[in-house]
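All remarks here apply to the structure that follows.
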Amino acid sequence: MSKSKALEDEKKIILSWKESYLRMARESGGGEWLVKDFESDVDEYAFPYVTRLYQSKIISEEEMKEFLDFCQTQIMELRHLAGEEDKDA
């Protein structure tokens, strides 16, 4: 698997998770705990995977940083879309 394919696949997974959490937030009328769960999933599954890709020299440090920034952006967007941006400072 190429490095760009690995990161693109991982980004698709993150976006899929975000959409799922957003749907649950809209259905339940709130989302603070869902945003925290999404952030936890990213921390627990995506960050270690990308760190291993970097440590194995499959991706560069810059690519790793860009991916981590992408993840943080998705967390902030979910917080905003779920209406939780002021509650979780």
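This chain uses plain numbering: 1 for the first residue, then up along the sequence.
- Separating the CD atom in E39 from the CZ atom in R79 is a distance of 5.5 Å, to the nearest 0.5 Å.
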Self-check item: Verdict with reasoning, K36 to E32, per side-chain contact (heavy atoms from CB on, under 4.5 Å)
Solution: CA-CA 6 Å; K36 289 180 182 181; E32 180 177 356; 3.4 Å; yes
Quiz item: Stepwise, does the side-chain contact (heavy atoms from CB on, under 4.5 Å) test hold for Q72 with D69?
Solution: CA-CA 5 Å; Q72 289 304 316; D69 288 345; 5.6 Å; no
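- A perpendicular orientation is assigned to the rings of F38 and W17, their planes being inclined by more than 60° (bins at 30° and 60°).
- In this structure, CD on E19 lies 9.0 Å from CG on L78, to the nearest 0.5 angstrom.
- K12 has no carboxylate O lying under 4.0 Å from a charged side-chain N of E8, or vice versa, which leaves the two without a salt bridge.
- Pairing each heavy atom of C71 with each of V42, the nearest pair is CB-CG1, 3.8 Å.
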Practice problem: Could you give me the CA-CA distance, side-chain angles and deciding distance for D41 and Y21, then say whether side-chain contact (heavy atoms from CB on, under 4.5 Å) is met? | Solution: CA-CA 11 Å; D41 283 348; Y21 278 104; 2.5 Å; yes
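- Salt bridge K65/E61: present, at least one basic N to carboxylate O contact under 4.0 Å.
- When all heavy atoms of D43 and F47 are compared, the pair lying nearest together is OD1-CE1, 3.0 Å.
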Quiz prompt | Intermediate values then yes/no, side-chain contact (heavy atoms from CB on, under 4.5 Å), L53 and M64 | solution = CA-CA 8 Å; L53 290 176; M64 181 180 72; over 6 Å; no
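- Rounding to the nearest 0.5 angstrom, the gap separating the CZ atom in F67 from the CD atom in E10 is 4.5 Å.
- Using a 4.0 Å cut-off between a side-chain N of Lys or Arg and a carboxylate O of Asp or Glu, D9 and K5 qualify as a salt bridge.
- Separating the CZ atom in R26 from the CG atom in L81 is a distance of 6.0 Å, to the nearest 0.5 Å.
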